[in-house]
Asker: 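There's a structure below that I have some questions on.
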Amino acid sequence: MTDFASLLVPDRGQKARAIHLVDKGTFGDWAKGRGADDRSLLVAHRFDGKTGYASVILPRGGGIEVVSAVANASSLSPWCLARLAETLPEGSYKLAQGEPGKAALGWLLAQHRFDIFHSKKEPERGARILVTGEAARIDEAVRLAEATALVRDLVNTPAGDLGPAQLEQAVRDQASRFDAEVRVTSGAALNEGYPLIAAVGAAATRERAPRLIEAEWGNPAHPRVAIIGKGVCFDSGGLDLKNATGMRLMKKDMGGAAHALALFNLVAAERWPVRLHLLIPAVENAVSGAAYRPGDVVKSRKGLTVEIDNTDAEGRLILADALDRAAEGKPELIVDFATLTGAARIALGPELPALFANNDELLEGFEAAAREADDPLWRMPLWDGYDDMLKSDIADIANATGSQMAGCITAALFLRRFVPREVAWAHLDMFAWRSKARPGRPKGGDALGLRAAFALLSRRYSGR
Ligand code: BES
Ligand code: ZN
Ligand code: ZN
């Protein structure tokens, strides 16, 4: 993992190259204060303060300064320094005015790469930025970068290298940093206690066998918060097999689990007064003679019988047993993350997680937190009117509707059946993937909604 802490360092008067941030409003005045050489260089580069991510390097004796155009120089976005951090030569830098603030995150993440499979590694970028803010702010930016990089790395790791056993190991590695207790349920105990998780994972054996991974952290006397993540290490669709295009990215179907683990880390590191309960049902939705079948009926942990309409609607099945387990602990709040439906992507595209929640205050809090964290998501309805689409002829409920309509809503309504009414519950149906690279955000696995969820928990529990 990139050593982010070495790239965001306290300003103790070290030598550093200045970065001037301008926008289309401030560029004119700023340029007036420059010498003739600077001005002709800017003209030669057609730098006018407007162009998206443009920047120009200004010679200063033996050294350099940098001028870069941002959308709004007085309110920096998390990503407005990312392009610079990707391109500037190694060394120390400092904003000529103000502090990087939120933009520290993009500065850091721009220097992280997933390169474990490249035989020839590029050298570390090593662009350091100086900050005068309090140490706590630096730590938080570093931890957010680490959490995001953890999500990216886990999602990018191919399914062949990251099955349920490796996902379990990833949870154990992280939990040990916080002395969190880890419990893993598999084999006969899984068949007995978590029939839906066992059914979805039945086709995968040995080290790829299904399991429920749990971790707990914090004082049991504090309010309990359950964080759940869909951990489908590969989603072939099962017997309702996906086609080649549909299957191509399905190593990322454990993206929810990666988000849940990263959020658990972020909160435990803050030591807020909460009792965290992390639940990751980890399976591979595979094909074999032992696979669960369309038409099978499985009695869930909660006792509701579920008819399998489609083996590719596996995420909601494993989450159902996990939600029921989480509810047993009488949490004050449950948040789940899942790459649950293609329908959510058709509705909102790759960048906006669909947010569902069973109470309005939680919805509003989440939306406000998302704005605060510059981590957008969009509200979707738990529309009661569609509940009967999940009717089964022979069981209490079916896992899919057989209709193309409102797929992410009916998936969320399925989950709601497993959540007690009195427990506040939020569900994020997300993509966990970036299809097109942007500064600081390479193509591949990505955290979407993680900072929003962290900001939500901060509003509720940090006491700030
Ligand atoms: N993991 C997929 C959902 C998915 C697909 C997320 C593509 C992101 C991109 C999920 O398990 C699935 O296959 N859902 C089906 C449900 C359907 C069979 C009811 C879907 O959305 O098509
Ligand atoms: Zn599926
Ligand atoms: Zn899936």
Side-chain angles (χ1 to χ4, degrees), residues 151 155 159 162-164 167 196-197 199-204 210 228-260 280-287 291-296 306-320 322 336-354 356 377 380 386 389-392 397-415 427-435 444-449:
V151 173
V155 173
L162 192 131
L167 192 52
L196 288 171
I197 302 175
V200 174
I228 308 182
K230 171 177 171 182
V232 177
C233 294
F234 190 74
D235 184 8
S236 72
L239 290 175
D240 287 310
L241 200 64
K242 288 183 183 294
N243 64 25
T245 331
M247 210 186 295
R248 180 62 183 89
L249 289 181
M250 283 301 128
K251 68 171 182 181
K252 77 174 174 71
D253 216 19
M254 36 54 69
H259 280 71
I280 295 180
V283 300
E284 173 158 353
N285 191 15
V287 178
Y292 78 134
R293 310 158 193 83
D296 280 356
V306 182
E307 183 180 13
I308 308 305
D309 176 72
N310 192 314
T311 61
D312 198 11
E314 82 298 339
R316 62 196 75 180
L317 297 172
I318 64 171
L319 291 172
D336 81 69
F337 299 89
T339 50
L340 201 62
T341 68
R345 295 313 107 220
I346 290 171
L348 296 173
E351 291 190 2
L352 286 172
F356 297 85
L377 38 77
M380 294 292 249
Y386 297 158
M389 289 167 79
L390 292 164
K391 269 201 177 129
S392 157
I397 186 173
N399 79 327
T401 63
S403 147
Q404 298 274 35
M405 295 211 196
C408 64
I409 301 176
T410 51
L413 288 170
F414 180 92
L415 296 181
H427 157 59
L428 283 191
D429 186 343
M430 83 249 287
F431 199 43
W433 191 263
R434 188 166 290 284
S435 333
D446 204 2
L448 295 160

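Indexing begins at 1, ligand by ligand and atom by atom, following the structure's order. Computed from a predicted model, the values in this text were never measured in an experiment. The first residue in the sequence is number 1, and the count goes up from there.
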Asker: How far does CG of Leu390 sit from CZ of Arg316, to the nearest 0.5 angstrom?
Answerer: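 Between atom CG of Leu390 and atom CZ of Arg316 there are 7.5 Å.
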Asker: Are any N, O or S atoms from Lys230 nearer to the Zn ion (ligand 3) than 2.8 Å?
Answerer: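 Yes, since at least one N, O or S atom of Lys230 sits under 2.8 Å from the Zn ion (ligand 3).
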Asker: Return the residue, atom name and 0.1 Å-rounded distance of the protein heavy atom closest to atom 2 (C) of ligand 1.
Answerer: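 Closest protein heavy atom to atom 2 (C) of ligand 1: Asp235 OD2, 3.6 Å.
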Asker: Any idea which part of Lys252 is under 4.0 Å from ligand 1, heavy-atom wise: side chain, backbone, both or neither?
Answerer: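 Within the 4.0 Å criterion, Lys252 contacts ligand 1 through side-chain atoms alone.
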Asker: Hey, is Asp312 touching ligand 1 through its side chain, its backbone, both or neither, going by heavy atoms under 4.0 Å?
Answerer: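 Both parts.
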Asker: How does Leu340 reach ligand 1, if at all, at less than 4.0 Å between non-hydrogen atoms: by side chain, backbone, both, or neither?
Answerer: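 The part of Leu340 near ligand 1 is the backbone, not the side chain.
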Asker: Within ligand 1, which atoms have a heavy atom of Thr339 less than 4.0 Å away?
Answerer: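 Counting atoms of ligand 1 from 1, those under 4.0 Å from Thr339 are 1 (N), 2 (C), 3 (C), 6 (C).
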Asker: Could you tell me the separation between the CG atom of Asp336 and the CD1 atom of Ile280, rounded to the nearest 0.5 Å?
Answerer: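 Here the rounded value is 12.0 Å.
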Asker: Would you kindly specify which portion of Lys230 sits under 4.0 Å from ligand 1, judged on non-hydrogen atoms: side chain, backbone, both or neither?
Answerer: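 The answer is the side chain of Lys230.
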Asker: Give a yes or no on whether the backbone of Ala313 and the side-chain of Asn399 come within a donor-acceptor separation of less than 3.5 Å.
Answerer: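 Answer holds: yes.
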Asker: Closest approach of Asp240 and Pro294, non-hydrogen atoms and distance?
Answerer: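 Scanning both residues completely, I find the closest heavy atoms to be OD2-CG, 3.5 Å.
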Asker: Looking only at heavy atoms, which two atoms of Trp433 and Leu249 are closest? And how far apart?
Answerer: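 Taking Trp433 first and Leu249 second, the nearest heavy atoms are CZ2-CD2, 3.5 Å.
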Asker: For ligand 1, which atoms, with element, lie under 4.0 Å from some heavy atom of Asn310?
Answerer: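 Those qualifying, in numeric order: 18 (C).
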Asker: Within the structure, is a non-hydrogen atom of Arg316 found at a distance of less than 4.0 Å from ligand 1?
Answerer: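 Under 4.0 Å: yes for Arg316.
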Asker: May I ask you to check whether Phe431 has an N/O atom sitting below 3.5 Å from an N/O atom of ligand 1?
Answerer: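 N/O-N/O distance under 3.5 Å: no.
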Asker: Do the non-hydrogen side-chain atoms of Val232 and Val200 ever get within less than 4.5 Å of each other?
Answerer: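 SC-SC contact between Val232 and Val200 ruled out.
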Asker: For atom 21 (O) of ligand 1, what is the nearest protein heavy atom, given as residue, atom name and distance?
Answerer: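 Here the closest protein heavy atom is Gly342 N, 2.7 Å.
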Asker: Can you run down the side-chain hydrogen bond (donor to acceptor under 3.5 Å, both in side chains) pairs that involve residues 242-259, sequence neighbours left out, and say none if there aren't any?
Answerer: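 Residue pairs with at least one partner in residues 242-259: Lys230-Asp253, Lys242-Asp312, Asp253-Thr339.
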Asker: With rounding to the nearest 0.5 angstrom, report the CG to CZ distance, Leu448 to Phe431.
Answerer: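 Spacing of CG (Leu448) from CZ (Phe431) equals 9.5 Å.
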Asker: Given OD2 of Asp235 on one side and OE1 of Glu314 on the other, what angle do they make at the Zn ion (ligand 2), to 10°?
Answerer: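 OD2 of Asp235 and OE1 of Glu314 make an angle of 100° at the Zn ion (ligand 2), to the nearest 10°.
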Asker: State the OG1-CG distance between Thr311 and Asp296, to the nearest 0.5 angstrom.
Answerer: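 With rounding to 0.5 Å, OG1 (Thr311) is 10.0 Å from CG (Asp296).
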Asker: Tell me, which N, O or S atom in Asp253 is closest to the Zn ion (ligand 3)?
Answerer: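 Nearest N/O/S atom of Asp253: OD2.
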Asker: Could you check atom 5 (C) of ligand 1 against the protein and tell me its nearest heavy-atom contact, residue, atom and distance included?
Answerer: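 Protein heavy atom at minimum distance: Met250 CE, 3.6 Å.
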Asker: For the atom pair CG (Asp309) and CD1 (Ile397), what is the distance rounded to the nearest 0.5 Å?
Answerer: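 Taking CG in Asp309 and CD1 in Ile397, the distance rounds to 11.5 Å.
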Asker: At what distance, to the nearest 0.5 angstrom, does CG of Asp429 lie from CG of Leu377?
Answerer: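 The CG atom of Asp429 sits 12.0 Å away from the CG atom of Leu377.
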Asker: Could you tell me, atom by atom, which parts of ligand 1 come under 4.0 Å of a heavy atom of Glu314?
Answerer: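 Matching atoms, with element in brackets: 11 (O).
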Asker: Below 3.5 angstrom, do we get any N/O pair linking Lys242 and ligand 1?
Answerer: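 For ligand 1, there is an N or O atom that lies under 3.5 Å from one belonging to Lys242.
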Asker: Can you name the atoms of ligand 1, numbered from 1 with element, that are less than 4.0 Å from a heavy atom of Thr341?
Answerer: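 Answer for ligand 1: 3 (C), 4 (C), 6 (C), 21 (O).
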